[in-house]
Amino acid sequence: MEMPDRIPSNKLKTWLFNPFYYIAGGTAFGIGLVVMMIASLVGAATNHHFDGVVDLHAGPPAPAWVFVAENLINWLVMGVLAYLAGRLISRSRIRPLDVFGTQALARVPMAITLFCVLLPGFRRVTDQLAGQLMQGPTRFRSGASGGVLTSFAQVSPLDLAIFVLAVILALLLLVWTVLLMYRAFAVACNVGGGKAIGLFAAAILLGEVLSKMSIGALLAAI
């Protein structure tokens, strides 16, 4: 991986949006792997699945190794696609360790997202909505005792505020994750511009499909 000669003027901004200027290769892989394992174990304890490259959902209980495997599948799929995309357009020598290491580090915000959806207020609101859905779609959409507005009215203002804050944070963390994945791809493969952005967009969409198919096959096999 070729590092830029110019020293960043804003180190905090660089750490947040392009940490690969400072950390790559084995170090990035080590940090990313530790964070993924912690997120997997927390997910296993709370039944939250990383069931796609940029997906996180509450789901059925499963053995802890399944949650670990989901995170590893997401990382490996995106790493392979980023490496292949880089080989298509980069004229530089690409080290697989740099590509897979930076993609691992780029997944850190996804782990933070898990702690947002575990906030008690967020869970109480989602449990309320889920309870309404279980009573039937028609009642949920309309009626005096059903409907989205009625469901929200039955929770406390504090819980509702926490729910809205958690949703906003989760969306911001999703954007941050995608941005870091692109920066990891661009730095590790020494690419940029419209062609790199377009190829990365195609890679992440294909990665989402492949990861979901792989995880679905895994869950069907257990």
Side-chain angles (χ1 to χ4, degrees), residues 12-20 23 28 30-79 102-134 140 148-149 151-184 204-205 207-208 211-212 215-216 219:
L12 178 59
K13 182 179 178 180
T14 304
W15 272 110
L16 289 175
F17 301 111
N18 191 15
F20 319 109
I23 303 174
I31 295 173
L33 183 63
V34 169
V35 173
M36 281 192 287
M37 292 305 100
I38 293 173
S40 298
L41 295 177
V42 174
T46 60
N47 296 324
H48 280 80
H49 295 259
F50 290 89
D51 52 353
V53 168
V54 287
D55 279 335
L56 170 64
H57 296 102
W65 67 264
V66 172
F67 295 85
V68 173
E70 289 174 343
N71 252 320
L72 291 178
I73 288 171
N74 295 329
W75 162 64
L76 286 171
V77 165
M78 202 59 213
T102 54
Q103 287 297 326
L105 184 60
R107 300 196 60 80
V108 169
M110 283 299 297
I112 302 174
T113 305
L114 175 57
F115 294 95
C116 290
V117 301
L118 290 178
L119 292 172
F122 180 89
R123 299 186 71 178
R124 281 191 287 268
V125 173
T126 53
D127 287 345
Q128 176 67 30
L129 293 174
Q132 290 290 335
L133 281 172
M134 290 179 65
F140 183 74
V148 177
L149 294 178
S151 298
F152 282 131
Q154 293 175 355
V155 300
S156 72
L158 178 59
D159 283 352
L160 188 57
I162 293 174
F163 175 82
V164 172
L165 178 61
V167 169
I168 293 173
L169 287 175
L171 290 174
L172 291 175
L173 287 165
L174 173 62
V175 173
W176 189 15
T177 300
V178 174
L179 176 61
L180 286 180
M181 285 181 174
Y182 170 71
R183 290 305 309 161
I204 201 168
L205 290 174
E208 184 74 5
S211 64
K212 282 191 170 297
I215 291 170
L219 293 176

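Panel note: side chain Asn74, backbone Phe50; a donor-acceptor pair is recorded below 3.5 Å. Looking at Asn47, its side chain never comes within 3.5 Å of a backbone N or O of Ala58 through a donor-acceptor pair. Remark: side-chain polar atoms of Gln103 are not paired, donor with acceptor, to backbone N or O of Leu76 under 3.5 angstrom. Without hydrogens or angle criteria, Glu208 side chain to Val54 main chain gives a donor-acceptor distance under 3.5 Å. With hydrogens and angles ignored, the 3.5 Å screen pairs no side-chain donor or acceptor of Trp75 with any backbone N or O of Leu33.
Atom OG1 of Thr177 sits about 10.5 Å away from atom CG of Leu172, to the nearest 0.5 Å. Atom CG of Leu158 sits about 4.0 Å away from atom CD1 of Ile162, to the nearest 0.5 Å. Within the model, atoms CZ of Arg124 and CZ of Phe163 stand 13.0 Å from one another, a figure rounded to the nearest 0.5 Å. For the atom pair CG of Leu72 and OG of Ser211, the computed distance is 13.0 Å after rounding to the nearest 0.5 Å. To the nearest 0.5 Å, atoms CD1 (Ile23) and CG (Asn18) are separated by 11.0 Å. In this structure, Glu70 CD and Met36 CE are separated by 13.0 Å, a value rounded to the nearest 0.5 Å.
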For residues 105-123, which side-chain donor-acceptor pairs fall under 3.5 Å, sequence neighbours excluded?
| residue | atom | partner | partner atom | Å |
| --- | --- | --- | --- | --- |
| Arg107 | NH1 | Val53 | O | 2.9 |
| Arg107 | NH2 | Val53 | O | 3.0 |
| Thr113 | OG1 | Pro109 | O | 3.0 |

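Considering only heavy atoms from C-beta on, Phe20 comes within 4.5 Å of Leu180 through its side chain. Inter-residue side-chain proximity for Trp176 and Leu16 is flagged as met; some heavy-atom pair is nearer than 4.5 Å.
For residues 52-64, every residue pair satisfying the side chain to side chain donor-acceptor pair (under 3.5 Å) rule, not counting sequence neighbours, is listed here: Asp51-His57, Asp55-Lys212.
Contacts of Arg183 classified as side chain to side chain donor-acceptor pair (under 3.5 Å), with partners at least two apart in sequence or in another chain: none.
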